[in-house]
Amino acid sequence: MLGQMMHRPLSTIEILRYGAETHTTSEIVSVRTEGDIHRYTYREAYHRVAQLAHALQKLGLKEGDRIATLAWNGYRHFELYYAIAGIGGVCHTINPRLSADQMIYITQHAEDKVLCVDLTFVPIVEALAEHFPNDMTYILMADRAHMPESRINFLCYEELAEGEPTEFDWVELAEDTASGLCYTSGTTGNPKGALYSHRSTVLHAYTVAISLGSVLKEGARVLPVVPLFHVNAWGLPYTAPLTGCSLIFPGSALDGKSLFDLMDREKVTSAWGVPTVWLGLQGEIAARGKNPDGFSSVIVGGSAAPRSMIENFEVSGVTVCHAWGMTEMSPIGTQGLLSAHEEEMLSQDEKLDMKALQGRRAFGVDLKIVDENGNALPHDGQAIGELYVRGNTIISGYYSNEEASDAAMDRDGWFGTGDVAYIDADGFLSIQDRAKDLIKSGGEWISSIDLENIVMAHPDVANCAVISVPHPKWDERPLLIVVPNGDKRVKKAEVDEMLLKQVAKWQLPDAIEFVEELPLTATGKVSKLTLRKSFKDYKLPDMK
Ligand code: AMP
């Protein structure tokens, strides 16, 4: 028997309309590429989105067209998210840190019709435009006064929107209509596209709002350091107007000092980003001897957050939530806030141990770990296997890429994350590694994340990574690469002593190498692939 309830298609613009009508004093604050600060309410944003939607329609854009962005976190980028999807288009966010080849590939693969660009990225467009789709229209996200001299025929964003009606009769779209497109910045092969729908995006917003209800609430002021150009800034452009928290967009200045100043001035309550960003902020906090005013929570994910980083925040009164997810998952899959019972009953050490794990699944995300034959393994905190996921916010295949889709999905329709993990009886996920980063030594696995986590707590270590080095007898052995904190170079014996408290002797790194900095991927993660390439001919002590 069928239920007898209305069926209203889920649509992203409804989130902003809701925010505009109900959270009337919440605001969006943006550090602009023009150099000043811009602020307005969700209501004003909604009317500007309507104007922009009219302007996009006048350009001849229609349902299904891909409209790309190359921009920092700011209000115009936010407006594009909603206006593009509102007219039935697909907002294709491009990561400006991708290589030229990758950028050309994805604009061609997505067949982008329009590219909307922040001032900073004009040189990229000038260098690559001849390789982008021929009929591309370029829009510069600035006002007339800031239009640059350029051989590219840029339309002016503000001029396009100016004078257009501040209301729009939003087309009723089927909820499965595509709304956004983000390519994974995989380190090998061509990037692969995750094509989000209105339905998946709205459900993700609900999911995250519920999972992180203690952080995302009316009155909260949230700083997405995580970029709008990569996985929708973890969904914040949607969860913020939904829950009523204000958004503080940092623009291009993401160093510790700039973030501290912005957070302090704007009374940011919660900041979201990858661990590398928080290393910078923690340095600034240590130098000033205080936290930014009002700062009370951090959401960290994208790569494993070291326990020592979590501890640093927690002892200063900042609650850390360690989340895990993927581009292909919209992106949030798990989050690590502890239950009231755990907060009350566990010792500080036990809490930190739990927070260093990747947390529990969000509602609507199913997790399974499987052995090499695809058989499901128990969630007992012991069995380690490849992690598969299923749910309404997870891709069912890659955009226009059958081969990659076939490789990623199992026969029951679950998506293979490429991560190796265990899940304990309380539902906590522990990511051991990307499958390709695991170190396979003598038929056993060594988790590079586990080793890094422990070594990061050493005061003479600013950052570190563990990679596999080919070995004639053991296949692979771990090499520890350290960025020193100051002049002192940590001794191998000291590192071994720290590690032996938690890992077996055969898992100890065979050697330590020191570098000035670690190579990062386009999404701010340590690039193990680049490190492995640099050290591929490395001779470990017993191979010399
Ligand atoms: P991306 O699609 O760029 O967001 O990358 C997703 C991948 O980042 C995941 O498959 C994991 O390998 C890694 N990742 C994300 N969050 C975490 C985390 N909290 N701990 C460990 N790895 C993570």
Side-chain angles (χ1 to χ4, degrees), residues 204 207-208 210-212 214-215 226 231 234-235 272-278 297-311 313-314 319-339 342-343 346 350-370 377-391 393-394 414-438 445 447-454 456 466 502 523-526 528:
H204 184 261
T207 297
V208 177
I210 294 166
S211 300
L212 297 174
S214 58
V215 174
V226 47
V231 266
W234 296 350
W272 296 39
V274 294
T276 34
V277 166
W278 306 135
S297 104
V298 158
I299 312 291
V300 58
S303 54
R307 189 182 187 278
S308 52
M309 170 181 286
I310 298 174
E311 184 173 12
F313 277 129
E314 293 266 340
T319 303
V320 176
C321 170
H322 187 185
W324 165 88
M326 302 184 78
T327 306
E328 292 88 336
M329 300 176 69
S330 302
I332 293 185
T334 65
Q335 62 81 19
L337 290 176
L338 303 186
S339 68
E342 286 153 356
E343 284 289 358
L346 300 180
E350 288 168 324
K351 286 188 212 173
L352 288 172
D353 285 346
M354 282 185 91
K355 289 194 168 211
L357 305 177
Q358 278 75 9
R360 295 178 167 105
R361 72 186 178 97
F363 172 69
V365 177
D366 275 332
L367 308 176
K368 74 172 177 183
I369 44 170
V370 302
L377 295 167
H379 295 186
D380 60 2
Q382 303 284 323
I384 295 180
E386 190 179 341
L387 178 61
Y388 278 73
V389 290
R390 185 177 66 178
T393 55
I394 296 161
W414 294 65
F415 170 76
T417 63
D419 285 342
V420 173
Y422 69 76
I423 299 168
D424 73 17
D426 292 325
F428 263 76
L429 172 73
S430 173
I431 299 286
Q432 296 293 293
D433 247 324
R434 295 288 299 156
K436 54 184 185 291
D437 293 339
L438 263 181
W445 288 347
S447 155
S448 64
I449 293 183
D450 277 356
L451 302 184
E452 289 158 8
N453 228 324
I454 301 168
M456 277 297 283
V466 175
Q502 294 181 53
T523 51
K525 306 176 194 198
V526 172
K528 298 229 168 142

Worksheet item: Rounded to the nearest 0.5 Å, how far does NZ of Lys351 lie from CD of Glu311?
Response: 12.5 Å
Item to complete: Return the set of residues passing side-chain hydrogen bond (donor to acceptor under 3.5 Å, both in side chains) with Ser430 (not counting sequence neighbours), or none when no residue passes.
Response: Gln432
Worksheet entry | Donor-acceptor contact present, side-chain Ser211 to main-chain Ala362, <3.5 Å | no
Worksheet item: Does Ile369 reach the side chain of Tyr388, with side-chain heavy atoms less than 4.5 Å apart?
Response: no
Worksheet, complete the sentence: CZ of Phe428 to NE2 of His322, rounded to nearest 0.5 Å, is 11.0 Å
Worksheet item: With sequence neighbours left out, which residue pairs that include part of residues 359-368 fulfil the salt bridge (charged side-chain N to carboxylate O under 4.0 Å, His left out) condition?
Response: Glu342-Arg360, Arg361-Asp366, Asp366-Arg390, Lys368-Asp410
Worksheet entry | Nearest heavy-atom neighbours spanning Gly301 and Pro275 | O-CD, 3.4 Å
Worksheet item: Counting N and O atoms only, with roles assigned by atom type, does the side chain of Glu386 sit under 3.5 Å from a partner on the main chain of Gly418, one being a donor and the other an acceptor?
Response: yes
Worksheet item: Run the side-chain contact (heavy atoms from CB on, under 4.5 Å) check on His379 and Asp424 step by step: do they pass?
Response: CA-CA 5 Å; His379 295 186; Asp424 73 17; over 6 Å; no
Discussion item. For the residue pair Asp419 / Trp324, report whether a side-chain donor-acceptor contact shorter than 3.5 Å exists.
Written reply: yes
Fill in: Close side-chain approach of Leu357 and Tyr422, heavy atoms under 4.5 Å
yes
Worksheet item: Yes or no on side-chain contact (heavy atoms from CB on, under 4.5 Å) for Phe363 and Val208, after CA distance, side-chain angles and deciding distance?
Response: CA-CA 9 Å; Phe363 172 69; Val208 177; over 6 Å; no
Worksheet item: When rounded to the nearest 0.5 angstrom, what distance separates OG1 in Thr417 from CE in Met326?
Response: 5.5 Å
Worksheet item: Among side-chain atoms of Ser448 and Lys528, is any donor-acceptor pair under 3.5 angstrom?
Response: yes
Practice prompt. Please work out which of the three classes, parallel, tilted or perpendicular, describes the rings of Phe313 and Trp278, given edges at 30° and 60°.
Written response: perpendicular
Worksheet, complete the sentence: Between Ile449 and Ala304, the two heavy atoms sitting closest are CG2-CB, 3.5 Å
Discussion item. For the CG atom of Asp437 and the CD1 atom of Ile431, what is their distance to the nearest 0.5 Å?
Written reply: 12.0 Å
Worksheet entry | Ser330 versus Thr393, closest heavy-atom pair with distance | OG-O, 2.6 Å
Fill in: Taking every non-hydrogen atom, the tightest pair across Cys321 and Gly336
SG-N, 3.5 Å
Worksheet item: Between Lys355 and Glu314, is there a salt bridge with N-O shorter than 4.0 Å?
Response: yes
Worksheet item: Given side chains that start at C-beta, do those of Ile423 and Asp380 come closer than 4.5 Å, heavy atoms only?
Response: no
Worksheet item: Is the side chain of His204 donor-acceptor paired with the backbone N or O of Ile332 at a distance under 3.5 Å, no angle test?
Response: yes
Fill in: Minimum-distance pair of heavy atoms, taken over all atoms of Ser297 and Val215
OG-CG1, 3.6 Å
Practice prompt. Could you tell me whether the side chain of Val226 reaches within less than 4.5 Å of the side chain of Val274, counting heavy atoms only?
Written response: no
Worksheet entry | Spatial distance of atom CD (Glu452) from atom OG (Ser308) [nearest 0.5 Å] | 11.5 Å
Discussion item. Quick one, Leu387 with Leu429, criterion side-chain contact (heavy atoms from CB on, under 4.5 Å). Give me CA distance, side-chain angles, the key distance, then yes/no.
Written reply: CA-CA 10 Å; Leu387 178 61; Leu429 172 73; 3.9 Å; yes
Worksheet entry | Nearest non-hydrogen partners of Leu377 and Ala383, listed with the distance | CB-CB, 3.9 Å
Fill in: Partner of Ile310 by side-chain contact (heavy atoms from CB on, under 4.5 Å), out of Val320, Thr319, Asn453
Val320
Fill in: Side-chain heavy atoms of Trp445 within contact of Val420, under 4.5 Å
yes
Worksheet item: Are any of the side-chain heavy atoms of Val365 and Leu367 separated by less than 4.5 Å?
Response: yes
Discussion item. Working to the nearest 0.5 angstrom, can you tell me the gap between Asp450 CG and Arg307 CZ?
Written reply: 12.5 Å
